[in-house]
Student: 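Got a structure here, written out as C-alpha cells. Questions coming.
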Amino acid sequence: MTPPEAGATGSNAEAALPLPAVSVCLEVIAKRADFLRAAQARRQAMPGFLVQARRRGDDSPTIRVGFTCSKKVGNSVTRNRARRRLREVARAILPKGGKPGWDYVLVGRPDATVSRPYADLLNDLSQALSRIHAEKAR
RNA sequence: GCGGAUGGCCGGACGGCCGCGGGGGUGCAAACCCUCGAGGAAAGUCCGGACUCCAUGAAGCAAGGGUGCCGGGUAACGCCCGGCCGGGGAAACCCGAGGGAAAGCGCCACAGAGAAGAGACAGCCCCGUUUCGACGGGGUGAUGGUGAAACGGUGGGGCAAGAGCCCACCGCGGGACUGGCAACAGGACCGGCACGGCAAGCCCCACCCGGAGCAAUGCCGAAUAGGGGCCUCGCGCGGAAAGGUCCGGCCAGUGGUCGCAAGGCCGGUCGGAGACCUCCGCAGGGACGCUUCAGCCCAGAGGCCCGGGUUGGCAGCUAAAGCCCGUCGGCAACGGCGGGACGAGAGGAAUGGCCGUCCAGGGGGCAACCCCGGACAGAAUCCGGCUUACAGGCCAUCCGCGCAU
RNA sequence: CGGGCCGUAGCGCAGCCUGGUUAGCGCGUCCGUCUGGGGGGCGGGAGGUCGUGAGUUCGAAUCUCACCGGCCCGA
C-alpha cells in the first residue's frame, strides 16, 4: 500500500492537478463508458451502499470516484442527499484507503444510504475496500 | 368563549470544525483572505408573453386549433377584479365551459298508446245494427298506466262526453316604456298555449392564433467530406441602335506599338445590319394550402430524401412588463409619481457532512426530567398566471350562538 | 424543451370514435364427468372500484377537465 501523499503525486504527474488538498488524489468520473466499465469489474455490497471498483491500467496514479443514485433511491431531494453523503464518505476514506490508478463507483441504496448513521457508512467503505483489494491479491 | 367563512404570512434559529460552486483581491508560485450561493410551490408543463432562428412582404379566403354572460385590468392570457343570471347555505359566504336548439342534420335506450310539426291503446259520449256477447261510423283528448322528459298547472263555469272552449290566479310567449356603458332588471298592455331536451354530438355565430424552440441561436477550434439520389417548373416574343460587334463608303496614313520571328493590335467620319452582347417592353415561370397585389430572381430557381464527421470551448446567462414602502386616482384588479432594498448562474451539474445549544411538535411520568423528532419538496433562458403537494403555526376581517357589561 | 400512446378479471386483449342492453374473447383457475391414474376432451361456474376525483347528461368504461402511474419518440 502506498498512501499517495499530496506532494508526491502532484510533482511527478502532469502537474496539471493543483487541486485542493483532499482532491489531490480524487477526480470525478464523468463519462458514461467509465461507469459501465466499473460496473463490469469488481463489486462489493455493503449495508449502506454498493461499491464497484476497477484498475484502469493506464499510467495515471489518480484515484477516480463516481456516484450513482438511480430513481429507485427516491425523489430528487433524497437522491441528492444520498449522493452528498456518499461523496462525503469518499472524501474521508478514499485518499487513505484507495489505490492509485483505480476507479471507484459508489451506488446509493433506497432508504439505507440516507438513514444509516454516518459512522457506519465510513466503516462500510473501509471494509469494502479491504475486501476488494484482498480479492485482487489472490 | 365556542362554531363557521374569507384573505394574507411564516414554514426552524444561532454557533463550531471539515468541505463544494460562482465572483473579487493579494501573491512568481504554493496558498490565503473577502463575498454571494434553492422555493412558495424551484414541481406538473396546463395557458400567456419576452428572446432567437425559419418562412420575401401585405391583404383576403380556406383548413386546423382555441376562447365563449357583461364591463374593466394587463405586455398578453384560458389569468385577475367588479357586476349580472342560475344553484347551495340560517348567515358570513361559496359553486357554475354561463353565446345560439324559430339555420340545418342527428340522437332521445328500456318502458309506454304516443318521444317531436303529434297521434289515439284502454276509457268516456252520441248515432246505427244486434244472435244482447258485441260490432260499425263519428266526437273527445279530461282520466289510466309508462318514463328523466308526455304539447301548460290549480280552481270554477261549460258540455252528450269533453277540451284555454270561457273566466280568475300562477306559469309561458311577445312587448311600448323606464333604469343601466352592458349583461340584465322592472314592466303598461297584448296573445291565448304555440316554441320538449342534448351543442363537454355534428354544427352556426363572434373574437383570437404563422412555425419551431436556449439541445433556440451566434462565434472559435478540431475532425471528416469537398458528398449522393429523386422530383417539379423553365430558358419565349417584340422593339431600340447610344455603346460593343459586324458590313460597306469616304477621309487620314505608310505611321505607332508588341514580338527573336511568322505576325498581331491600334484611327476619324457617314450610312447600314440586328445573329450575339447590351438596353427597353410584354408574356411565362419560380418559393411549405389557395387567390390577388407589391417586390425579387430568370438561365436557372425551388422542393424532398439519404449519407459522412464532431459531443471541445466562448457567448446567449441572468436587472426584471419583478419586490417593498409612501402618496395620488380607482369600489377593486390595477395604474401614475417619489423613495428603497435585494442581487444563485451550474454544465455528469455547487448550494453539503458531522456536532452542540435553543425553539416549535408528539409520547411517557405526580414532578424534576427522559425519549422520539423537523411538512411538501431541489434552480437549469427569463417573466406573468393556473393546477397539484404541504407537519405545524401566526395575523386580520366578517357571520352565527352563548355569557358579561 | 417539445410531442405521442396506454391503464378494463390472475395474464394478454376487445368494447370507447357514434353514451343505454348482460362489459365480451383467449389462456389460467374452480367444480363435475370420460380414464385405474395422468395428459387430453366434454359440460358447468366463479372472478371486474373499467387508474383516481370532479363535471356534462335522465343515464358515463365511453364525452369534458384535473390529477396519478407506466411506456415510446424527436431536438
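Worth knowing before you read on, the calculation uses all heavy atoms, side chains too, and leaves out hydrogens, waters and symmetry mates. In what follows, chains carry the letters A, B, and so on, assigned in the order in which the sequence lines appear, proteins first and then strands, with residues in each chain numbered from 1.
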Student: Identify whether the glycosidic angle of B:G73 places it syn (within 90° of 0) or anti.
Tutor: anti
Student: Please classify the glycosidic conformation of B:A294 as syn (within 90° of 0) or anti (everything else).
Tutor: anti
Student: List the residues meeting side-chain hydrogen bond (donor to acceptor under 3.5 Å, both in side chains) with A:Arg85, not counting sequence neighbours, and say none if there are none.
Tutor: none
Student: How long is the line joining CZ of A:Arg85 and C1' of B:C354, in whole Å?
Tutor: 9 Å
Student: Tell me the interatomic distance from A:Arg64, atom CZ, to B:G348, atom C1', rounded to whole angstroms.
Tutor: 12 Å
Student: Which nucleotide, if any, forms a Watson-Crick or G-U wobble pair with B:C169, using both distances under 3.5 Å?
Tutor: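 When the pairing criteria are applied, B:G153 turns out to be the nucleotide that pairs with B:C169.
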Student: Mind checking if A:Arg87 touches a base, just sugar-phosphate, or nothing, with heavy atoms under 4.0 Å?
Tutor: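 Sugar-phosphate contact only - A:Arg87 comes under 4.0 Å of backbone atoms but never of a base.
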Student: Searching all strands shown, indicate the nucleotide that pairs with B:C279 (Watson-Crick or G-U wobble; both distances under 3.5 Å).
Tutor: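 With both distances under 3.5 Å, B:C279 matches B:G239.
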Student: Consider only side-chain N and O atoms of A:Ser126 and A:Asn123, and report whether a donor and an acceptor are under 3.5 Å apart.
Tutor: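 Judged by distance alone, the side chains do not pair up.
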Student: Sequence neighbours excluded, which residues qualify as side chain to side chain contact (heavy atoms under 4.5 Å, CB included) partners of A:Ala45?
Tutor: A:Leu50, A:Arg109
Student: Please state how far atom OH in A:Tyr118 lies from atom P in B:C354, giving the value in whole angstrom units.
Tutor: 7 Å
Student: Need the glycosidic conformation of B:U178: syn if within 90° of 0, anti if not. Which one?
Tutor: anti
Student: Heavy atoms from C-beta onward define the side chain here; which of B:C18, B:C354, B:A350 lies closest to that of A:Glu88?
Tutor: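 The closest nucleotide is B:C18.
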Student: Would you call A:Arg54 and A:Arg42 a side-chain contact if the rule is heavy atoms closer than 4.5 Å?
Tutor: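 They are not in contact (no side-chain heavy atoms under 4.5 Å apart), so the answer is no.
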Student: Check the interface with nucleotides 375-382 of chain B: list each N/O to N/O pair with the protein under 3.5 Å, or write none.
Tutor:
unit_1	atom_1	unit_2	atom_2	d
B:G378	OP2	A:Ser76	OG	2.5
B:G378	O5'	A:Ser76	OG	3.1

Student: Do the charged groups of A:Arg55 and A:Asp103 touch, with an N to O distance under 4.0 Å?
Tutor: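 A:Asp103 and A:Arg55: not salt-bridged.
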Student: Tell which nucleotide pairs with B:C401, taking only Watson-Crick or G-U wobble pairs whose two distances are both under 3.5 angstrom.
Tutor: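 By the stated definition (distances under 3.5 Å), B:G1 pairs with B:C401.
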Student: Rounded to the nearest angstrom, tell me the gap between atom CD1 in A:Ile93 and atom P in B:G353.
Tutor: 17 Å
Student: State the pairing partner of B:G164; accept Watson-Crick or G-U wobble contacts with both distances under 3.5 Å, and report none otherwise.
Tutor: none
Student: Between atom CZ in A:Arg91 and atom P in B:C18, what is the gap in whole Å?
Tutor: 10 Å
Student: Within this structure, what is the CG-to-C1' distance between A:Leu122 and B:C18, rounded to whole angstrom?
Tutor: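 Distance check: A:Leu122 CG to B:C18 C1' gives 13 Å.
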Student: By nearest heavy atom, map A:Arg83 and A:Pro117 onto RNA chain B; which one lands nearer the 5' end?
Tutor: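 The residue closer to the strand's 5' end, by nearest nucleotide, is A:Arg83.
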Student: Sort out the partner of C:C71 for me: Watson-Crick or G-U wobble, both distances under 3.5 Å, none otherwise.
Tutor: C:G4
Student: Once you apply the 3.5 Å cut-off to both distances, tell me the Watson-Crick or G-U wobble partner of C:U52, or none.
Tutor: C:A66
Student: Please classify the glycosidic conformation of B:G40 as syn (within 90° of 0) or anti (everything else).
Tutor: syn
Student: Need the pair for B:C366. Rule: Watson-Crick or G-U wobble, both distances under 3.5 Å, any strand; none if unpaired.
Tutor: none
Student: Is the side chain of A:Asp124 donor-acceptor paired with the backbone N or O of A:Met46 at a distance under 3.5 Å, no angle test?
Tutor: no
Student: Does C:G45 adopt a syn or an anti glycosidic conformation, taking syn as a chi angle within 90° of 0?
Tutor: anti
Student: What's the verdict on side-chain contact (heavy atoms from CB on, under 4.5 Å) for A:Leu129 and A:Tyr104, showing C-alpha distance, side-chain angles and the deciding distance?
Tutor: CA-CA 10 Å; A:Leu129 289 179; A:Tyr104 300 94; 3.5 Å; yes
Student: Taking the side chain as every heavy atom from C-beta outward, state whether A:Leu86 and A:Thr113 have any pair of such atoms under 4.5 Å apart.
Tutor: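 Result yes, sub-4.5 Å side-chain heavy-atom pair found.
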Student: With both distances under 3.5 Å as the test, what is the Watson-Crick or G-U wobble partner of B:C354?
Tutor: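 Base-paired to B:G16.
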